[in-house]
Amino acid sequence: MATYVYRFADGDKDQKDLLGGKGANLAEMTRLGLPVPPGFTITTEACRAYLRDGAVPPELRVEVTLAVREIEDALGRRLGDFHDPLLVSVRSGARFSMPGMMETVLNIGLNDASVKGLAEFSGDERFAWDSYRRLVQMFGKTVLHIDGDRFADALDGKRAQVGAATDVDLSTQDLRELVETFKDIVRDETGRDFPQHPREQLDMAIEAVFDSWNTDRARLYRRRERIPHDLGTAVNVVSMVFGNLGPTSGTGVCFTRDPSTGEPGIYGDYLPNAQGEDVVAGIRNTLPLSELEVLDRPAYTDLVQAMRRLETHYRDLCDIEFTIERGKLWLLQTRVGKRTAAAAFRIATELVDEHLITMDEALSRCSGEQLTSLLFPQFDPHAETTLLTRGMAASPGAAVGPIAFDNAQAVAAAEAGTPAILVRKETNPDDLQGMIASAGVLTARGGKTSHAAVVARGMGRCAVVGADALRIDPVAGTVTVGKTVLHGGDTIAIDGSSGEVFVGDVPVTDSPVMVYVSRGLEAGLEAAGDDDEARGLVSAVHRVMEHADKVRRLRVRANADNAADATRARERGAQGVGLCRTEHQFLGDRRRLVEQLILAGDDAERRAALDALLPVQRQDFVELLEAMDGLPTTIRLIDPPLHEFLPDLTTLAVDVAVARERGEADPHDEKVLAAVEHMHEQNPMLGLRGVRLGLTLPGLFALQVRAIAEATVELRRAGRDPRPEIMVPLVGSVRELQIVRDEAEQVLREVGDAAGTTLDVPIGCMIELPRAALTAHRIAEEADFFSFGTNDLTQTTWGMSRDDVEGEFFAQYLDNGVLTISPFETLDADGVGSLVRAGVEGGRATKPAMHMGVCGEHGGDPESIHFFDEVGLDYVSCSPFRVPVARLEAGRAAAGASQDTV
Ligand code: ADP
Ligand code: MG
Ligand code: MG
């Protein structure tokens, strides 16, 4: 017989898959000898069996009976007893916490008879009726799915009728009458009486927990949080203890350290004479935990001891729910507590100082995502602010600007030099232009995977979404929250890390952690000033980063196109440049030179254009290589489709047509138009670009190689140590690389010979087409190194053009679960990752020691970095901003951290 029920004494904290988080930790506390009310956990396996068969497994009923009887015998009370009834709570608890999915039902076992027993045993009639009232209300709402407002309205009505300020002021008689009213509501809504039999109540509540796993709300939540649908939830049945038995009782929550700053010390709230959710429901104001010391010193001392015990045992911040029943402490829940990013770093390093964890463990508890959130600009913490409302923190950062309601207003604000906050009910692909022009996005509707959220994150724009208190009227040009009315152009400020929205200007500053990662420890501490919290944070981040650098295997390079970016990246710890895109060097004034090259009618014209380009290109490389002195610098030969260097087809066609009309046709324009028309491509991303361009436009690649070679010679003469690497983009066949390589080697030889030296510049290629990954063993014959271009590899593997799809249907794909995250944000390990793996294996089959890295945006994405570490790449390359994050995650990968932290 399968075991569907575990006594608390039988489980432990490592059985979260089977017992859920809540159940596993209740078991662990019981094993530690802490005061947990007796109870048991029904396993997730039972839930899965129920969901599969549509019925409770027959063994489960029997096992529940046995477990309940054990509790009855241990406590000497019976479910439904007329004199001394046992009451229980039924609480859901899955492997991962899913807040708000199924509310706990307290006081199960009360009925018209046992309510008298409860009054008798407690000597408190009012308490008994209050408990019964709560049961009918919670059961009605959670198990019978009656709209909670019906009960809440009846309760309010009663209070108004008798003039009671709060629930506590209701008399026994009032509560008795309320129970009757509540039972009427149940009959009215469900067509049957409130179940009187305690076992029926218990069974119905258990099934309700099982059913709650598959509600739309739960499915949606799991999709968003990337929790698998087939886990099922456990059910905890816990004998009741009462915090509402008068002034010597109460209930509270506490943390073993401050979860928002990480400071050591005890934090929590306490509410005397209250039950369960009263603390969080905000019905009455809670007291700080320190007051409990005054109210009930022995209970307080017990609690503090339990907290220390738990923190020592879990070796981490614990979050605890407790109840005091007539002076006796009971623990009802614990878990390793959620914390802010700042607290994560501080707690980790403080636990190291207390010799409770190792530095490796500290590292694995601080994620790149948390570090990222500490790097965004922030509102000056000392500024005075006026909170307008709150929404969901969808894309981090802090932004201030005038309100814009549509694209035109957003673009106008950007052109006027003060980018706007785009305020919309929700966004759709038509709003893209406005989002690009804005400093931030604020919506009234939608969640973390709404169009606004996805697109803003993709663009690195700050966003707050789903601020549902906003009434937006674009026609009238107003945003209203309660009595506050704002107009288009009024300044607001949004905090994409907290979801707060402020009225008026709030000064934005670099965070001290940002100052630290870009300018070092001293500068970071200086930026923190006399703010001890900020100083503590900077030191903690520094210690974790140092350790990450010490243990990591992956090296971290940066994508940098010029000396300024390269310098910035170097300051942040980059160990080289993994991708210098040379196309930017051909834009601006230099575009004319490329145009000449494209339009060249003969060799002489072509030569003239190339000769003009050479010195400027050489100077670019001199600067870049100088900035990266002594470090490897991968320069990618020109990649984008040619038409990007020519005028826009439509504009030019119109100009030429107008000129012809006037009889003023310009031969140059005519020639350019012919070229542009000739080169027009339906799908330039898959057209003439990368190595294809190098092979069809003679002299261009050779020019770039010559510029690199001459820059190298020049710097060497100046006593420097330039280390260029030449990278060929979009290779699909080894033959392409072979041709380019022969030409490049010849140029290197020529320049080297002329300078009386040898230029041993590595020549490698990008692996960014499926064919390249699949034939990597061949390509490796001609390549000194590989760099995986996972942006293009993702586009070509999925057959999706990023620019076209992200703004269009990705939000829908995320909503309906086709995707759990954009494959452009986090590497699609199953699909694109298989090609990366094939590329690594193929390349190393030919050249076992071949050097390999990645230069797509995934190089800075925490989850993807763990993948790259695992497949054995030598380095990741990412934007300068993300270099510290990549260093940290590379360290975590080496320290064996899983990607999820609390
Ligand atoms: P959640 O998962 O939403 O925190 P819980 O199952 O922890 O829900 O229960 C909600 C509230 O009821 C908490 O304050 C909890 O401490 C309290 N509670 C749960 N079971 C009992 C019990 N057996 N006796 C007293 N209070 C309980
Ligand atoms: Mg709880
Ligand atoms: Mg590419």
Side-chain angles (χ1 to χ4, degrees), residues 8 16 19-26 29-30 34-42 67-68 71 74-75 77 79 85-110 118 122 127 130-131 134-135 137-139 141-143 148 198 201-202 205-206 208-209 212-213 217-218 221 233-245 249-255 268-284 286 303 306 318-326 328-338:
F8 287 164
K16 292 200 179 71
L19 305 179
K22 198 179 280 171
N25 286 322
L26 280 165
M29 288 199 290
T30 304
L34 291 167
V36 176
F40 57 88
T41 303
I42 299 169
V68 168
I71 302 179
L75 297 179
R77 293 178 184 163
L79 268 183
L86 169 71
L87 304 187
V88 296
S89 63
V90 172
R91 320 164 68 185
S92 69
R95 168 79 181 81
F96 302 100
S97 124
M98 292 172 52
M101 284 314 130
M102 153 90 199
E103 279 173 42
T104 290
V105 183
L106 302 175
N107 308 332
I108 282 189
L110 278 177
L118 184 64
S122 65
F127 154 75
D130 185 46
S131 303
R134 287 171 192 261
L135 171 65
Q137 180 169 5
M138 281 188 271
F139 195 93
K141 183 172 164 214
T142 308
V143 180
Q201 293 171 3
L202 180 60
I206 292 170
V209 174
S212 74
W213 181 257
R217 203 162 53 128
Y221 181 88
T233 179
V235 187
N236 301 288
V237 178
V238 190
S239 48
M240 286 300 301
V241 290
F242 300 102
N244 50 343
L245 268 174
S249 304
T251 181
V253 293
C254 58
F255 299 89
D269 298 306
Y270 182 67
L271 194 58
N273 198 8
Q275 187 172 48
E277 299 290 65
D278 293 357
V279 181
V280 269
I283 297 170
R284 282 182 280 146
T286 55
L303 177 63
C318 292
D319 163 345
I320 299 158
E321 288 176 7
F322 66 95
T323 281
I324 294 171
E325 179 181 307
R326 291 187 170 151
K328 158 92 176 120
L329 173 73
W330 293 99
L331 301 182
L332 290 165
Q333 189 175 332
T334 195
R335 62 187 156 202
V336 168
K338 294 212 189 318

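Order of appearance sets the numbers: ligands from 1, and atoms from 1 within every ligand.
- Atom OE2 is the N/O/S atom of E321 found closest to the Mg ion (ligand 2).
- Distance CZ/R335 to CD/E321: 6.5 Å, rounded to 0.5 Å.
- In M240, the parts holding a heavy atom less than 4.0 Å from any atom of ligand 1 are both the side chain and the backbone.
- Protein heavy atom closest to atom 3 (O) of ligand 1, with residue, atom name and distance, is E277 OE2, 4.0 Å.
- At least one side-chain heavy atom of M240 sits under 4.5 Å from a side-chain heavy atom of N107.
- In terms of modelled atom types and a separation under 3.5 Å, the side chain of T334 and the main chain of D319 share a donor-acceptor contact.
- Those atoms of ligand 1 with a heavy atom of V238 less than 4.0 angstrom away are 23 (N).
- Among protein heavy atoms, the minimum distance from atom 17 (C) of ligand 1 is reached at G276 CA, 3.8 Å.
- The shell of residues lying under 4.0 angstrom from ligand 1, judged by heavy atoms, includes K22.
- Heavy-atom proximity to Q333, at under 4.0 Å, picks out these atoms of ligand 1: 4 (O), 7 (O).
- Across the listed options V241, L271, N236, L332, L332 owns the non-hydrogen atom lying nearest to atom 27 (C) of ligand 1.
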- request: Begin with the C-alpha distance, continue with both residues' side-chain angles, and end with the deciding distance and a verdict on side-chain contact (heavy atoms from CB on, under 4.5 Å) for D130 and Q275.
  value: CA-CA 10 Å; D130 185 46; Q275 187 172 48; 5.7 Å; no
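- If you check which protein heavy atom lies closest to atom 19 (C) of ligand 1, you get R91 NE, 3.4 Å.
- Below 4.0 Å from some heavy atom of S89 lie the following atoms of ligand 1, by number and element: 19 (C), 20 (N), 21 (C), 22 (C), 23 (N).
- Residue Q333 counts as close to the Mg ion (ligand 2), with an N, O or S atom under 2.8 Å.
- Counting only heavy atoms of the protein, atom 15 (C) of ligand 1 lies nearest to E321 OE1, 3.2 Å.
- Expressed to the nearest 0.5 Å, how far CE of M102 lies from OG1 of T233 amounts to 9.0 Å.
- For L106, every heavy-atom contact with ligand 1 shorter than 4.0 Å involves the side chain, none the backbone.
- The structure places CD1 of I324 at 6.5 Å from CG of L303, a figure rounded to the nearest 0.5 Å.
- For S239, the closest heavy-atom approach to ligand 1 falls below 4.0 Å.
- An N or O contact shorter than 3.5 Å links T104 to ligand 1 by distance.
- Residues V68 and L202 have side chains in contact (heavy-atom distance under 4.5 Å, counting atoms from C-beta outward).
- Using a distance-only test at 3.5 Å, with no hydrogens or angles considered, a donor-acceptor pair links the side chain of E325 to the main chain of F242.
- Minimum heavy-atom separation, S92 to K22: O-NZ, 3.1 Å.
- Taking each heavy atom of L110 and Q201 in turn, the nearest pair found is O-NE2, 2.9 Å.
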